[in-house]
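The structure appears below as structure tokens.
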Amino acid sequence: CFVLSVPAGQSPQAAAAAMSAEHDVSWAEPLQLYHGLNAANPPNDPLWRLQPAASAWRLADLHQIAKGRGVTVAVIDSGVDVGHPDLKGQMQSAQDFVRDHPGRPERHGTAVAGVIAAIAGNGLGIAGVAPDARLMALRACWQDSDGAETVCDSFSLAKALHFAIEHNAQVINLSLSGPPDP
């Protein structure tokens with residue numbers, strides 16, 4: 001992977017098309033932006049977005065059958081609070097692939113990690129869908145200064161995906177939307 005600057009007066013799309021035509025280049029693409037998926041106008045309840053799975057998926061019944069033991073899930077998102085009481089001990093690894101945005105725990109990544117693997121039966125927060133799974137907290141996104149929006153770029157996503165695949169993640173979660181990208 002190489003990140004190149006576009007010459008003055010040329011669009012990123014035209015530069016990528018020209019590079020893709022080169023014999024030694026597999027493909028080139030402009031750096032794309034992606035956005036974390038958030039509920040629109042959630043009510044003023046911090047666990048509201050996390051509660052529906054418990055009843056809709058009959059989570060207590062599901063946990064009688066499976067809890068994710070032996071499964072590694074890569075959470076490619078904004079920063080996960082690895083010290084959060086509901087996630088303590090759930091991390092297999094944590095890596096930061098974001099340039100130019102200081103790493104820190106962030107709301108979206110922490111919430112997604114909690115939905116997946118929050119410790120069950122500890123009297124805190126919620127129970128994750130797979131509370132016995134191990135997490136790879138792979139920061140490829142960042143939250144804007146007021147924390148309202150989570151943003152990723154295609155390069156940081158590619159680095160995090162590569163890490164997840166190379167380190168044998170069995171499940172890769174990306175809770176985001178954006179343009180098509182090969």
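Just so it is clear, the structure is predicted and the values come from calculations on it, not from any experiment.
Atom CG of Asp132 sits about 4.5 Å away from atom CZ of Arg69, to the nearest 0.5 Å. Note that CG of Asp153 and CG of Asp100 are 9.5 Å apart. Values are rounded to the nearest 0.5 Å.
Proximity of a side-chain donor or acceptor of Thr110 to a complementary backbone N or O of Arg107 within less than 3.5 Å is not detected. Side chain of Ser154 to main chain of Leu31: no donor-acceptor pair is present (N/O by atom type, distance under 3.5 Å, no hydrogens or angles). Proximity of a side-chain donor or acceptor of Arg134 to a complementary backbone N or O of Ser93 within less than 3.5 Å is not detected. Between the Ser156 side chain and the Cys152 main chain, no donor and acceptor come within less than 3.5 Å of each other. Judged purely by atom type and a 3.5 angstrom limit, Gln92 has no side-chain atom pairing as donor or acceptor with the backbone of Leu135.
Evaluated for a side chain to side chain contact (heavy atoms under 4.5 Å, CB included) with Leu176, the options Leu157, Asp77, Ile76, Thr150 yield exactly one hit, Leu157.
When hydrophobic clusters are built by joining Ile, Leu, Val, Met, Phe, Trp and Tyr residues whose side-chain heavy atoms come closer than 4.5 Å, directly or via intermediates, Leu33 is grouped together with Val98. Under the 4.5 Å side-chain heavy-atom criterion for ILVMFWY residues, a single connected hydrophobic cluster contains both Val82 and Val112.
You'll find the side chain of Leu62 reaches within 4.5 Å of the side chain of Val129, heavy atoms only. Between Asn173 and Ile116, the closest side-chain pair of non-hydrogen atoms falls below 4.5 Å. Put simply, the side chain of Asp81 does not reach to within 4.5 Å of the side chain of Glu106, judged on heavy atoms. You'll find the side chain of Met91 stays beyond 4.5 Å of the side chain of Met136, heavy atoms only.
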| query | Are Arg139 and Gln95 close enough, and set up right, to give a side-chain contact (heavy atoms from CB on, under 4.5 Å), and what steps lead you there? | reply | CA-CA 6 Å; Arg139 183 174 183 257; Gln95 299 287 324; over 6 Å; no
| request: Tell me, with the steps shown, if Trp27 and Met19 meet side-chain contact (heavy atoms from CB on, under 4.5 Å). | output: CA-CA 7 Å; Trp27 91 86; Met19 289 294 298; over 6 Å; no
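Applying the side-chain hydrogen bond (donor to acceptor under 3.5 Å, both in side chains) test to every pair with at least one member in residues 2-14, sequence neighbours left out, gives no pairs at all. Screening residues 85-106 for ring-ring contact (aromatic ring centres under 6.0 Å, His included) gives Phe97-Phe163, His101-Trp142 as the qualifying pairs, with residues at least two apart or on separate chains.
The two atoms that bring Val80 and Ala113 nearest to each other are CG1-CB, 3.8 Å, heavy atoms only. In this structure, Lys88 and Ile119 approach most closely via the heavy-atom pair O-CD1, 3.4 Å. Residues Ile126 and Gly114 share a closest heavy-atom pair of CD1-O, 3.6 Å. The shortest heavy-atom contact between Gln90 and Ala117 is NE2-O, 2.7 Å. The shortest non-hydrogen separation linking Ala164 to Leu138 is CB-CD1, 3.8 Å. The two residues Ser78 and Gly109 have their closest heavy-atom pair at OG-N, 2.8 Å.
Side-chain atoms of Gln143 and His108 form no donor-acceptor pair, as typed in the model, at a separation below 3.5 Å.
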